[in-house]
Amino acid sequence: MADKTNSATLTFNNKQVELPIYSPTAGPDVLDIRKLYAEGGVFTYDPGYTSTASCDSAITYIDGDEGVLLHRGYPIDQLAEKSHFLEVCYLLLYGELPTADLLEDFESRVTNHTMIHEQMHMFFRGFRRDAHPMATMVGVVGAMSAFYHDSTDIADPWQREVASIRLIAKMPTIASMAFKYSIGQPFVYPRNDLDYASNFLRMCFSVPAEDYEVNPILSRAMDRIFTLHADHEQNASTSTVRLASSSGANPFASIAAGIACLWGPAHGGANQAALEMLREIGTVDQIPEYIKRAKDKDDPFRLMGFGHRVYKNFDPRAKVMKQSADEVLDLLGVENNETLKVAKELEKIALEDPYFVEKKLYPNVDFYSGIILDAMGFPTSMFTPIFAVARTVGWVSQWKEMITDPGLKIGRPRQLYTGPTYRDYVDVERR
Ligand code: CMC
């Protein structure tokens, strides 16, 4: 916990409450209101948590105004350029970049946990043939608690470690199986001689009838997508994981809750929604109509893949993702694809339109990731599962940090009650 550096006095209703102020290592000061109810008899009101820090954390730092994203201090553009996903996983989990030996050991631990319990295959088959892969993932990841009893005791550091490795290692296997199941193809077992991203691509795209060779440029792009989505501070799904596990729930159940939250179109579901929107717009001449709709207060339509709760300048992940998109599209020779033309024109118009400029609505990471994944051959239904594969390490790191926090309390917000006050029950014949 940061040291108290100052205090503020809150005066209301003839009362005075002194609130400690903490200075973080970076970012704005934080007012500690924990004693406010006990000493002042009032709650604070902040429904979307726009001014509320829910925890202290040493993992990820975002400066939304400056477009900065740091993992354990290292900027995301340097990690995307010089590092790779499993090294970033190590950094997020353990706090430092690994030595060569430690990295080799970590990679081998992850690699040796990629297979899932064979009986889980039966569990997949219980889903409807055309189930959305996210629906399958929520169920299967939650069900891991029924298959891995030896890593559900959150009080045991060793079990927590095994659960973390299992989740990171098995998530690509589970996501690719959810995909294969949804398209009626046989499951493909992991191959431990391949790197994390190549193994995932192979499990998604190979079929028993022919060989599949992973293109290194696509594998690098996949690894970057994983790296850029690895963690993002206290976003909705991470906060969901923290809240779920604050009750003492096991890690598999808690991460399943995070996957469920991620699915929504305002969060991880935006990559699917963004590409579907580009397809719905269809041709460049339709763009003005959709821009008009996005600005209309009476129309719920929003430009998916634009805007961010925290980034109000630019999304640093989007910068790297845009570069990656150019590389992949170049390799695959899809520059003349109609969806891509719509994407490029929409990006240009939105960046110049006063409505989007004034409200600081820039293309976010999901605008570009959808374009890359589409070009790679993934259906839109796989976009959010891929986000879930990548974000698992963020959820796990934040969960581990929370569990070992001596100040851990069950998460339990209060409310501003607006319902009826006390009234006596009325018998049905008198209503
Ligand atoms: N299109 C049109 N108008 C928008 C958009 C958009 N995409 N995003 C925000 N606005 C407007 C909104 O109508 C509001 O206008 P006004 O002040 O006149 O009422 C203003 O901008 C502020 O919007 P908000 O909803 O209060 O902002 P927020 O910080 O609560 O929402 C957001 C952030 C990401 C949910 C929102 O920008 C959005 O819905 N974007 C589209 C979905 C999307 O791309 N989400 C992915 C986020 S990045 C991946 C991730 O981290 O999960």
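Order of listing sets the numbers, starting from 1, for every ligand and every atom in it. Just so it is clear, the model here is predicted, and its values are computed rather than measured.
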Phe127 and Phe123 aromatic ring geometry - parallel, tilted or perpendicular at 30°/60° bounds: perpendicular
Cation-pi geometry met for Arg293 and Phe301 (6.0 Å, 45°): yes
Contacting atoms of ligand 1, where contact means under 4.0 angstrom from a heavy atom of Gly268: 52 (O)
For atom 47 (C) of ligand 1, closest protein heavy-atom neighbour: Asn364 ND2, 3.6 Å
Backbone or side-chain N or O of His232 under 3.5 Å from ligand 1 N or O: no
Ligand 1 versus Tyr355: contacting region, heavy-atom distance under 4.0 Å: side chain
N or O contact, Ala266 vs ligand 1, cut-off under 3.5 Å: yes
Cation-aromatic face contact Arg414/Tyr37, 6.0 Å, 45 degrees: yes
Backbone or side-chain N or O of Leu303 under 3.5 Å from ligand 1 N or O: yes
Distance from atom 51 (O) of ligand 1 to nearest protein heavy atom, with residue and atom: His308 NE2, 3.5 Å
Residue, atom name and distance, where the atom is the protein heavy atom closest to atom 10 (N) of ligand 1: Leu361 CD1, 3.7 Å
Atom 22 (C) of ligand 1 protein-contacted (non-hydrogen atom, under 4.0 angstrom): no
Protein residue, atom and distance nearest to atom 2 (C) of ligand 1, heavy-atom basis: Ala294 O, 3.7 Å
Ligand 1-proximal atoms of Lys359, by part, heavy-atom distance under 4.0 Å: side chain
Per-atom contacts, ligand 1 versus Ala270 - under 4.0 Å to a heavy atom: 43 (C), 44 (O), 45 (N), 46 (C)
Whether Asp366 lies under 4.0 Å from ligand 1, heavy atom: yes
Donor on one side chain, acceptor on other, Glu66 and Asn313, under 3.5 Å: no
Contact bool for atom 7 (N) of ligand 1 (protein heavy atom, d < 4.0 Å): yes
Contact bool for atom 27 (O) of ligand 1 (protein heavy atom, d < 4.0 Å): no
Contact summary for Leu278 and Leu346, nearest pair of heavy atoms: CD2-CD2, 3.9 Å
Ser151 and its side chain to side chain donor-acceptor pair (under 3.5 Å) partner, picked from Arg166, Arg160, Glu161: Arg166
Thr50 versus Asp46, side-chain donor and acceptor atoms under 3.5 Å: yes
Proximity flag Lys295 to ligand 1, non-hydrogen atoms under 4.0 Å: no
Residue pair Gln323 / Tyr368, side-chain donor-acceptor N/O under 3.5 Å: no
Closest candidate by heavy atom, reference atom 42 (C) of ligand 1, pool Arg391, Arg302, Met304: Met304
Tyr196-Asp223 side chain donor-acceptor pair, cut-off 3.5 Å: no
Numbered atoms and elements of ligand 1 in range of Phe306, under 4.0 angstrom, heavy atoms: 7 (N), 37 (O), 40 (N), 41 (C), 44 (O)
Atoms in ligand 1 flagged as close to Gly305, the criterion being non-hydrogen separation under 4.0 Å: 43 (C), 44 (O)
For Lys297, the ligand 1 atoms whose distance to one of its heavy atoms is below 4.0 Å: 16 (P), 18 (O), 19 (O)
Partner of Leu31 by side chain to side chain contact (heavy atoms under 4.5 Å, CB included), out of Leu10, Asn6, Ile21: Ile21
Minimum heavy-atom distance His132-Ser381, with the two atoms named: CE1-O, 3.2 Å
Best match, Arg309, His267, Arg293: closest heavy atom to atom 29 (O) of ligand 1: Arg309
Location of contacts on Leu262 toward ligand 1, heavy atoms closer than 4.0 Å: neither
Pair Ser198-Asp195, side-chain donor/acceptor within less than 3.5 Å: yes
Between Thr238 and Glu233: side-chain donor-acceptor atoms closer than 3.5 Å: no
